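Only one structure is covered here, and it is reproduced in the block below.
These numbers were taken from a predicted model, which means no experiment stands behind them.
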Amino acid sequence: MIGLFWLLVACVGALAGARPIWGLGAAIGVVYLLVVFYDLAVGVSLFLLVEFVLPNTGSSDLSVAKVMGILLLLAALARTTSLRNRPRTLLGGHPGLSLLLGALACWTTLSIGWAASRSTASSDALRYVLNLTLFFVVFAAIRTRRDVAVLLGAFALGATLSAAYGFVGGGNAAQAGRLVGATGEANALGTYLVAGAFLAVALAVIPRRVPLLRVAASAMAAVCLLGTLLTVSRAALLALGIALLAGVALMKRHRALFTCLAVVVGLAGAVYFVALAPAQTTARIFGGGSGTSGRTALWTVGWRIVDADPLTGVGIGNFPNESIDFLERPGALPQDQYVVSQPLEVHNIYLQNLAEIGLVGFVLFMSIIACCLTACWRAARTPADSIDSDFRLLAAATFVATVAVLVANFFAPGLYDKQMWLLLALGPALFSIARAQGALGTRRGSIRAAADPADSAC
């Protein structure tokens with residue numbers, strides 16, 4: 001292993017002499033490689049941060065995120081096959097979910113065969129399948145409460161940094177008056193700011209002995225909530241409202257805190273949109289502005305595609321290419337430029353799956369979501385006497401954040417966003433940790449009972 005390291009150093013040095021920029025990139029890659037093999041959870045967290053601040057908008061280029069993802073996959077394979085670490089794989093812990101993931105990967109790949117644009121289908125199928133491998137990586141990386149806290153902290157920090165980029169001037173001329181951040185798109189930013197806010201609030205409650213971390217987490221929560229309002233994303237605001245209600249209902253131990261948070265955020269939002277926001281913003285929120293932003297046309301065409309090819313769809317990634325063929329039907333469609341001159345994705349990840357990979361792919365996709373949410377819910381509802389209460393709070397916050405993202409993506413094209421897939425992948429990992437902690441608590445209780453039969457009788 002040491003010899004391989006020095007070989008890599010020599011190669012980086014030679015590359016730096018020929019192409020300094022490439023040499024710098026290779027050096028950063030070697031450092032990241034060392035990090036992921038030393039601490040996979042930190043490696044996943046850094047990958048998540050890069051995805052927030054340097055989002056990959058292309059599908060075929062060899063981006064930084066793709067390289068990091070490949071290194072993570074290699075590290076996860078090494079970790080799960082190491083005899084010293086006792087192999088703990090997703091297949092062994094969740095065989096049903098593993099079967100669903102494999103079936104969805106195969107079906108998505110098969111859809112290339114009936115897609116009109118096979119090059120587009122091939123590149124998008126690769127993106128889809130690589131996102132599915134995150135389940136394997138996250139399950140291998142997340143083993144303890146500390147790992148969970150590190151990953152959730154990276155999510156909240158990434159959302160905060162993305163919003164901060166927008167605050168200092170990063171914008172999008174096509175979305176004037178809205179905070180877009182490093183994502184370049186206001187709806188996408190708003191979606192993950194909602195999730196980041198709830199994760200940051202949960203992290204602020206936990207570190208009782210580290211006041212600085214509590215202050216930092218509270219600041220991230222405030223930035224995320226403020227940023228959500230400034231994105232003027234109706235999907236994100238709807239997700240925020242549902243998440244606040246879910247937080248009040250689920251966070252029994254901290255119900256007063258989340259109730260106060262819901263009241264404060266509700267009042268702040270009402271004051272801003274009614275009294276302080278520009279007229280353009282008010283019109284967008286309360287109607288009379290941009291209407292449905294073209295979603296009506298996209299959704300109508302999407303359902304026409306489903307009606308024409310219900311089982312197979314038009315092939316992964318082929319909706320923008322094929323949508324124009326389904327435009328000419330009785331009845332005028334508003335804002336059909338998003339089908340004709342500026343073809344977009346469906347802006348609904350569920351309808352996008354249904355239109356592109358058909359009913360088979362849709363059922364598999366929804367089954368995976370159901371499995372992940374169920375696992376996360378069971379981790380959050382594990383009896384308090386058999387598991388760390390702070391871990392239960394993190395699991396509950398993850399559940400709420402995941403639900404918020406899934407609600408917002410009903411109105412957004414977030415199918416390939418790694419943030420959503422990472423949150424989903426956390427569910428099985430959290431449940432396995434909860435199950436392991438519960439088994440450990442049971443064994444300890446049995447040992448204490450055997451040591452003191454009188455206490456066990458009581």
Donor-acceptor pair, side chain of [X] and main chain of [Y], under 3.5 angstrom:
{"X": "Thr259", "Y": "Arg255", "result": "yes"}
{"X": "Arg214", "Y": "Val205", "result": "yes"}
{"X": "His347", "Y": "Glu345", "result": "yes"}
{"X": "Ser98", "Y": "Leu90", "result": "yes"}
{"X": "Ser45", "Y": "Ala41", "result": "yes"}
{"X": "Asp147", "Y": "Thr144", "result": "yes"}
{"X": "Ser432", "Y": "Ala429", "result": "no"}
{"X": "Ser111", "Y": "Thr108", "result": "yes"}
{"X": "Tyr32", "Y": "Gly43", "result": "yes"}

Between Arg392 and Thr382, is any side-chain donor less than 3.5 angstrom from a side-chain acceptor? no
For a quick check under 3.5 Å, do Asn318 and Ser117 share a side-chain donor-acceptor pair by atom type? no
Just checking, Arg145 and Phe391: is the charged tip under 6.0 Å from the six-membered ring centre and within 45° of the axis? no
A side-chain contact here means heavy atoms from C-beta on lying under 4.5 Å apart; do [X] and [Y] qualify?
{"X": "Leu73", "Y": "Phe136", "answer": "yes"}
{"X": "Leu48", "Y": "Leu422", "answer": "yes"}
{"X": "Val314", "Y": "Asn321", "answer": "no"}
{"X": "Leu245", "Y": "Val248", "answer": "no"}
{"X": "Phe411", "Y": "Leu238", "answer": "yes"}
{"X": "Phe319", "Y": "Ile305", "answer": "yes"}
{"X": "Arg284", "Y": "Arg234", "answer": "yes"}
{"X": "Asp124", "Y": "Tyr416", "answer": "yes"}

Specify the closest pair of heavy atoms between [X] and [Y], including all atoms of both residues, with the distance to one decimal.
{"X": "Thr282", "Y": "Ala277", "result": "OG1-O, 3.8 Å"}
{"X": "Glu322", "Y": "Ala116", "result": "OE2-CB, 3.0 Å"}
{"X": "Leu415", "Y": "Asn353", "result": "CD1-ND2, 3.2 Å"}
{"X": "Ala243", "Y": "Val194", "result": "CB-CG1, 4.3 Å"}
{"X": "Ala204", "Y": "Ser218", "result": "CB-OG, 3.6 Å"}
{"X": "Cys224", "Y": "Gly196", "result": "SG-C, 4.0 Å"}

Are the aromatic rings of His94 and Phe135 close, with centres under 6.0 Å apart? no
To the closest 0.5 Å, what do you measure between [atom1] ([X]) and [atom2] ([Y])?
{"X": "Leu351", "Y": "Leu298", "atom1": "CG", "atom2": "CG", "answer": "9.0 Å"}
{"X": "Leu193", "Y": "Leu240", "atom1": "CG", "atom2": "CG", "answer": "10.0 Å"}
{"X": "Leu71", "Y": "Leu40", "atom1": "CG", "atom2": "CG", "answer": "11.0 Å"}
{"X": "Ile349", "Y": "Ile369", "atom1": "CD1", "atom2": "CD1", "answer": "5.5 Å"}
{"X": "Thr191", "Y": "Glu185", "atom1": "OG1", "atom2": "CD", "answer": "8.0 Å"}
{"X": "Leu430", "Y": "Phe399", "atom1": "CG", "atom2": "CZ", "answer": "12.0 Å"}

Of Thr231, Val232, Leu229, which is the lone residue that meets side-chain contact (heavy atoms from CB on, under 4.5 Å) with Leu237? Leu229
Worked verdict on Leu393 versus Met251 for side-chain contact (heavy atoms from CB on, under 4.5 Å): CA-CA 7 Å; Leu393 175 62; Met251 310 289 187; 3.7 Å; yes
Applying side-chain contact (heavy atoms from CB on, under 4.5 Å), run through Tyr192 and Asp417 and close with a yes or a no. CA-CA 10 Å; Tyr192 296 109; Asp417 291 349; 3.0 Å; yes
Not counting sequence neighbours, list each pair that qualifies as a ring-ring contact (aromatic ring centres under 6.0 Å, His included) and has a residue in residues 100-124. Trp107-Trp114
side-chain contact (heavy atoms from CB on, under 4.5 Å) between Leu225 and Leu261, worked out: CA-CA 10 Å; Leu225 289 171; Leu261 180 65; 3.9 Å; yes
Decide, yes or no, whether a salt bridge links Arg304 with Asp307 under the criterion of side-chain N to carboxylate O below 4.0 Å. no
Lys/Arg-Asp/Glu bridge criterion (N-O < 4.0 Å) met for Asp39, Arg146: yes
Go through the steps for Arg178 and Asn187 under the test side-chain hydrogen bond (donor to acceptor under 3.5 Å, both in side chains), then give the verdict. CA-CA 9 Å; Arg178 305 176 65 188; Asn187 293 318; 3.0 Å; yes
Below 30° counts as parallel, above 60° as perpendicular, anything between as tilted: where do the rings of Phe410 and Tyr350 land? tilted
Show the numbers, then the answer: is there a side-chain contact (heavy atoms from CB on, under 4.5 Å) between Phe365 and Tyr128? CA-CA 11 Å; Phe365 177 70; Tyr128 206 127; 3.6 Å; yes
